[in-house]
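The shown structure was predicted, so the numbers you read here are calculated from the model rather than taken from an experiment.
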2 protein chains.
Amino acid sequence: MTAQSPGDGSGTGTTTIAAIAGEVGVSVATVSKVLNGRADVAPETRARVEESLERHRYRRRTKKKPVGTGQIDLVFHEFDSEWAMEIIRGVEAVTAPAGVDVVLSQLGGTHHPPQHWLDAVLARRPLGVLFVLCSPTPGQQAQLRRQDIPFVVVDTDSATTASVPTVGSNNWNGGLLATRHLLELGHRRIAIVSGPEDVLCSRARLAGFRAAHEEAGVPVDPDLVRYGTFYLDAGYTHGMALLNRADRPTAIFAGSDMQALGVLRAARQLGIDVPGGLSVIGYDNLEVAAWTDPALTTIDQPLRDMAGTAAHMMLDLARGEQPRTTRIDLVTELVVRESTAPPAG
Amino acid sequence: MTAQSPGDGSGTGTTTIAAIAGEVGVSVATVSKVLNGRADVAPETRARVEESLERHRYRRRTKKKPVGTGQIDLVFHEFDSEWAMEIIRGVEAVTAPAGVDVVLSQLGGTHHPPQHWLDAVLARRPLGVLFVLCSPTPGQQAQLRRQDIPFVVVDTDSATTASVPTVGSNNWNGGLLATRHLLELGHRRIAIVSGPEDVLCSRARLAGFRAAHEEAGVPVDPDLVRYGTFYLDAGYTHGMALLNRADRPTAIFAGSDMQALGVLRAARQLGIDVPGGLSVIGYDNLEVAAWTDPALTTIDQPLRDMAGTAAHMMLDLARGEQPRTTRIDLVTELVVRESTAPPAG
DNA sequence: AACACAACCGGAAACATATCCGAAACTTTC
DNA sequence: GAAAGTTTCGGATATGTTTCCGGTTGTGTT
């Protein structure tokens, strides 16, 4: 009955779900369901509504509900080892005092959440979402924004647009520091066992690795650049392959401390002394890194701080405050222990 | 348009009896009869249909209910390392398929949740609560029961009444196995760096330790029994103290793999070879245990299974089903690697 | 050759759910 | 209190499954 001129180009904030419903030819109830990720909407209908919502830049007109109590979602690419635990600790340290609960999930390998996961989140209406080593697709970002659910990406897996708040660490700098350290020790054949090729932080570290070489005027042997997972066995496998070469490297820069442990084991099995015959440097500075034999030289990545900063930022966003800056990189530092030394000869 | 390619790897639930009928070349009625064991189907036809059904993994198209949506609380005594991560993984593996979210929290040292924590939980009305290495007080138990919120205690911190559902592992047996292994190797002066004295599993392992000694007729030197946290530095500190004794032990049984790493480091610093001059055995069988130098002999505790079992039990309770048994202990096993050997001399 | 009868199969109605949507009641926000 | 948005509930529809019943085929009998 309400004569609703569809697509009146009115612009900001005036579009209601009734207008959308009118345009698409469905009821307001259906549009509401789409917005809230309810299950009982046909995919085809959902798509049409989504399209219209997107086109009209729909935003909720009513303000958000009071903050104070509530919960946030913390979603991991995968629960890998101590690394994830540090993130959890960092988040908890911020959320617990605020009386905010943490809902945990993992995507099990993929870097973008499946739609049904997002639907569940929309239905639950958390204060915000923290993505770790994974990120929502542009469409999913739009869905979250429409419902005023803020999100922050921690240690982003891929280059994101400037509008996406992220907290990371300076991986490029980390790669630079580690490599520079090895070069300064006199190494000239340095291998890198990087993380997965499709993960941004791996690429950034590799870029730092190359930059350090360039800086020192040392060429990078492409044969000495390897990609793998961040796990122990990847370090072992690649370590074995690298160390069995005739022209084996005198130093290996591992993509994570876990990988470095794998490299150490490979060296041990081949009877290569570390750091005498091989220097090994890790990344992350997990607690175990200080307790290995030899203790691991590594790049300190302030995981707890990163997670805490991200959680703070998200809570600010949830309160409606716009943080000064939404893209933060914390500094990485070199921690020299026992696993690096000048090359033999 | 319904191009029905046979064996298209369609996965689960998508195959209908119509598809089967089409493939085999019979009517849907006939397939239905085969499924329901009716008599009026020729044996030869029946066989063909059954073969096709088997191949397509046919399931009757009745939607299984996913428990409904909801969330459970997973509360830790403390987020310690990889150990906690394993528990989280085990729980997630069960809850995620059921569409249940996990809300995480930790008590930060205490073994009983503070009242305000419980109040928050009660207000949230989760499907259930999983306590790890901590437990609700009797009063809190009553509150939870009043609200029909089931709870399960994993690896209980203290002796609980029979009415409290628990999932643990046979710690006494683990202590026995570890100690027996050392005794069989010929060790007579065996130290134990146990977990905290007030934690049940520590006491159970210690009891197993004593039982093995008794069994072998070897006295336990009370000076060689130490208590500490489950962390790395506790292992290091106690390891140092024990190994600096004039009558130092020839073997150390650590309360956790992390502690064992600390002991290894202490031995290394003192120039004691493992396992030549000292045998070390850990507990938990974390992933790192296989990658240390030397690789750690340890007791395998099926943490993931424990957590999964507990989650299952809790979900059953939440559904109103009474599980057959509410007190489960999973078995522990000895994993022999490189850190144990007969004593020198 | 005609018939009886049983075994076997399929058409289609009956039945059982799952899916999808909107009206109306309800809640929240200003 | 009105507008915006959400939730509940029942009905319409579509789809998968079972059952009834009649048709076809083959075999044995007269």
Inset, instruction - Name the closest nucleotide to the A:A29 side chain, picking from D:dT6, C:dA23, D:dA4. - result: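 Looking only at heavy atoms from C-beta outward on A:A29, the closest nucleotide is C:dA23.
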
So, is [X] near the phosphate of [N], with a side-chain N or O under 4.0 Å from OP1 or OP2?
X: A:Y58; N: D:dG5; answer: yes
X: B:T30; N: C:dG10; answer: yes
X: B:T45; N: C:dC9; answer: yes

Separation of [N] [atom2] from [X] [atom1] (nearest whole Å):
X: A:N36; N: D:dT8; atom1: CG; atom2: P; answer: 12 Å
X: A:D40; N: D:dG10; atom1: CG; atom2: C1'; answer: 13 Å
X: A:R125; N: D:dT7; atom1: CZ; atom2: P; answer: 7 Å
X: A:R59; N: D:dA4; atom1: CZ; atom2: C1'; answer: 16 Å
X: A:L35; N: C:dT27; atom1: CG; atom2: P; answer: 21 Å
X: A:R38; N: C:dT19; atom1: CZ; atom2: P; answer: 15 Å
X: A:R60; N: C:dT27; atom1: CZ; atom2: P; answer: 16 Å
X: B:I17; N: C:dA16; atom1: CD1; atom2: P; answer: 15 Å

Legend entry - Partners passing salt bridge (charged side-chain N to carboxylate O under 4.0 Å, His left out) against A:E78 (at least two apart in sequence or in another chain): none

For [X], answer base if it contacts any base atom (sugar-phosphate contacts may also be present), sugar-phosphate if it contacts only those atoms, and nothing otherwise; contact means non-hydrogen atoms under 4.0 Å.
X: B:A42; result: sugar-phosphate
X: B:V31; result: nothing
X: B:V41; result: sugar-phosphate

Legend entry - hbond_proxy A:K33 side chain to D:dG5 base (donor-acceptor, 3.5 Å cutoff): no

Is the shortest side-chain N to carboxylate O distance from [X] to [Y] below 4.0 Å?
X: A:R46; Y: A:E50; result: no
X: A:E23; Y: A:R55; result: yes
X: A:D119; Y: A:R38; result: no

Kindly list each side-chain donor-acceptor pair under 3.5 angstrom involving residues 28-37 of chain B, sequence neighbours excluded, with atom names and distances?
{"residue": "B:T30", "atom": "OG1", "partner": "B:S27", "partner atom": "OG", "Å": "3.1"}
{"residue": "B:K33", "atom": "NZ", "partner": "B:D40", "partner atom": "OD2", "Å": "3.4"}

